[in-house]
Amino acid sequence: MNWDKILQRIDKFRFRLPKDYKNGMRVDGLIYANSELMESIKQDQAIEQVANVAFLPGIERLSLAMPDIHWGYGFPVGGVAATRVNDGVISPGGIGYDINCGVRLLRTSLTKKDIKDKITDLVDRLFYDIPCGVGREGRVHIKNNKELAQVLKEGASWSVKHSYGDKDDLEYTEAGGCLEGADPDKISKEAYKRGINQLGTLGAGNHFLEIQEVVEIFDKKSAQKFEIFPGQITILIHTGSRGLGHQVCTDYLVIMGRAIYKYAINLPDRQLACVPIKSQEGEDYLSAMASSANFAWANRQCITHFIRESFEKIFKKSYESLGIRQVYDVAHNIAKMEEYEIEGKKKLLCVHRKGATRAFPAGSLEIPLNYREVGQPVLVPGDMGRYSFILVSASKAKEESFSSACHGAGRLLSRSQARKIIHGRDLQKKLLEQGIYIKSASFSTLAEEAPEAYKDVEDVVDVCEGAGISRKVAKMKPLGVIKG
Amino acid sequence: MRRFSFLNHAADLGIIVYGKDKKEIFYNAALGLLNLLYPLIKFTPKINYQFNFEGNSDEDLLISFLNKILYILEVEKIILFKFKFKFKNSDSLFVDARGDKIDSFKIKRDIKAATYHNLKIEKGKIWKTKIIFDV
């Protein structure tokens with residue numbers, strides 16, 4: 001496809017995909033990218049997927065793609081679509097199999113000098129204490145389905161109630177770590193079976209846990225609000241709802257595949273299967289999605305507790321005295337009901353974020369009181385060899401991107417391409433020479449997740465900043481990484 | 001004839017599956033998936049499962065079948081590798097599957113699901129389909 005003839009350049013950071021590109025598109029596509037990123041975006045089917053998302057009934061204004069967009073299945077990874085609650089649809093493919101995959105950032109009062117002689121012990125300890133990789137079961141014992149149903153209803157607060165974490169953590173978690181409307185009865189017995197042993201596990205694939213050093217501050221005021229300072233040690237967790245969420249998506253895609261005939265919905269890709277939000281199937285999915293999202297928040301909360309315990313064992317001090325506190329926890333695979341002003345009218349929209357991060361502006365009541373003056377932290381992991389970023393929402397996000405920003409670096413190489421040119425053991429050695437100690441459950445996964453397989457996340461966040469949808473606050477470099 | 005080959009996909013994994021008919025497409029798709037999941041060793045077909053699937057198309061049935069293999073692997077720690085299929089048009093499938101217990105630590109990667117993305121079973125002298133798995 002010669003995209004140069006189709007895409008219209010709006011400015012340095014925006015490209016429009018006009019709705020007349022494909023018969024059936026209801027709105028234009030808008031892709032945030034600079035010239036260099038666009039060159040790699042054009043190499044696969046991601047732009048076609050932006051067009052396909054524009055077919056969704058009730059989609060409002062734009063089918064959006066963040067600058068880390070890459071080829072997904074159904075939605076592109078990095079895709080955002082807001083559908084009207086009144087007459088629009090919910091599409092499980094717009095959330096993905098890993099419902100509420102997200103990131104949580106913890107800060108500490110430690111600096112690099114406190115940790116440099118302990119990093120190996122610390123990473124080894126974390127690797128031992130936090131189950132990761134395929135086939136590992138969790139340390140959190142869930143007695144039966146009745147107890148699991150409580151987790152699904154209560155989310156992170158279930159974990160805190162059961163001594164996995166601190167009450168303050170909930171305040172610094174999107175939606176307080178619990179989505180309303182969760183109904184565990186809308187989840188299949190298969191999903192229960194997959195989830196019951198997986199609470200408190202990191203998983204595999206691109207999930208990780210990283211010990212980092214803050215190496216640069218860009219926005220002092222926001223950094224102060226987030227209690228981030230140069231040289232500080234931070235910990236980033238990336239995981240989601242594990243097999244439970246995967247099963248929920250699988251189950252509902254079957255249900256919706258049947259229902260699209262009932263509702264006469266015409267789509268270019270079966271993976272986009274959707275139903276009206278105001279339908280029995282739509283309501284059931286939203287209840288199941290909320291339950292899965294709550295499982296993911298409970299999962300990241302339990303992992304937070306294990307991290308604190310690991311640090312306590314190595315430093316022989318309480319986590320309180322080590323200052324291990326939560327900066328924020330935010331989902332990047334989720335659908336949320338949010339209100340926006342469109343052409344002077346307030347509308348309730350269902351914002352699908354598939355590999356995109358919510359970025360609520362300063363003053364939002366949904367973000368912690370301490371952060372309201374500056375806006376919501378947007379946590380953007382990079383690759384394990386370079387850096388990650390804390391961003392904060394900027395003014396254009398609310399008016400243009402349905403308060404969304406990027407979620408990561410975006411892949412450059414496929415997994416098989418990465419495995420062909422990179423060997424896990426060599427990579428581990430090379431990164432150690434660069435001062436990054438890595439423990440991985442699988443060398444093959446390590447190769448697939450190599451830094452070379454990803455775009456430079458700084459290019460991605462610079463586009464978000466240039467487009468005015470978020471601003472850089474701080475940059476963190478990895479010192480120790482655990483991969484599943 | 002080649003049973004399957006691997007497909008480049010930016011974030012996930014894919015296979016191209018070949019067969020002389022529908023049954024072979026289903027069988028070879030399962031073998032392609034198993035190749036992504038577990039080291040190729042000799043298994044003994046000790047455990048028997050029977051499944052019924054319903055859908056609107058062969059594609060629906062294929063994805064439901066592959067996702068069942070993933071489910072059994074994750075929950076039961078059993079790899080299914082021998083299959084007998086009975087199709088009733090394109091809306092119903094009965095599978096008699098045999099498998100073996102595995103060491104879950106040897107599972108090569110976490111595959112979340114087989115997806116419907118651009119899925120089409122091409123029928124002809126040689127049947128063919130492309131399947132993308134979410135990793």
Can you see which heavy atom on [X] is nearest to which on [Y], and at what distance?
X        : Y        : answer
B/Lys108 : A/Thr445 : O-OG1, 4.4 Å
A/Val134 : B/Ile107 : CG1-CG2, 3.4 Å
A/Tyr97  : B/Ala114 : OH-O, 3.5 Å
A/Gln247 : B/Tyr71  : OE1-CD1, 3.7 Å

| Can you say whether A/Leu412 sits under 4.5 Å from chain B via the side chain, the backbone, both, or neither, judging by heavy atoms? | neither
| query | Checking A/Gln43 against chain B: side chain, backbone, both or neither under 4.5 Å from a heavy atom? | reply |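 Contact with chain B involves no heavy atom of A/Gln43 at all.
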| Within residues 117-135 of chain B, which positions have a heavy-atom distance to chain A below 4.5 Å? |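 B/His117, B/Asn118, B/Asp134, B/Val135, listed by number.
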| With only heavy atoms counted, which part of B/Asp12 is less than 4.5 Å from chain A, the side chain, the backbone, both or neither? | both
| Under a 4.5 Å heavy-atom cut-off, does chain A meet the side chain of B/Ser64, its backbone, both or neither? |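 The side chain, not the backbone.
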Flag if over 12 foreign heavy atoms under 6.0 Å of [atom1], [X]:
X        : atom1 : result
B/Phe94  : CZ    : yes
B/Lys77  : NZ    : yes
A/Asn144 : CG    : yes

| message | Taking B/Asp60 first and then A/Arg258, would you say they form a salt bridge - that is, a charged N and a carboxylate O separated by under 4.0 Å? | response |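 Looking at B/Asp60 and A/Arg258, the cut-off is not met.
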| field | Short N-O contact, A/Lys193 and B/Glu74, less than 4.0 angstrom | value | no
| task | Under 4.5 Å, counting heavy-atom pairs only, tell me which of A/Ala273, A/Ala46, A/Ser414, A/Gly245 racks up the most with chain B. | result | A/Ser414
| Positions in residues 196-205 of chain A that reach chain B, provided some heavy atom is under 4.5 Å away | A/Gln198, A/Ala204
| Residues in residues 67-76 of chain A near chain B [non-hydrogen atoms, under 4.5 Å] |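 Against chain B, the residues of residues 67-76 of chain A that fall inside the cut-off (heavy atoms, under 4.5 Å) are A/His70, A/Trp71, A/Gly72, A/Tyr73, A/Gly74.
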| field | Within residues 247-256 of chain A or reaching into it, pairs that qualify as salt bridge (Lys or Arg N to Asp or Glu O under 4.0 Å) - sequence neighbours excluded | value | none
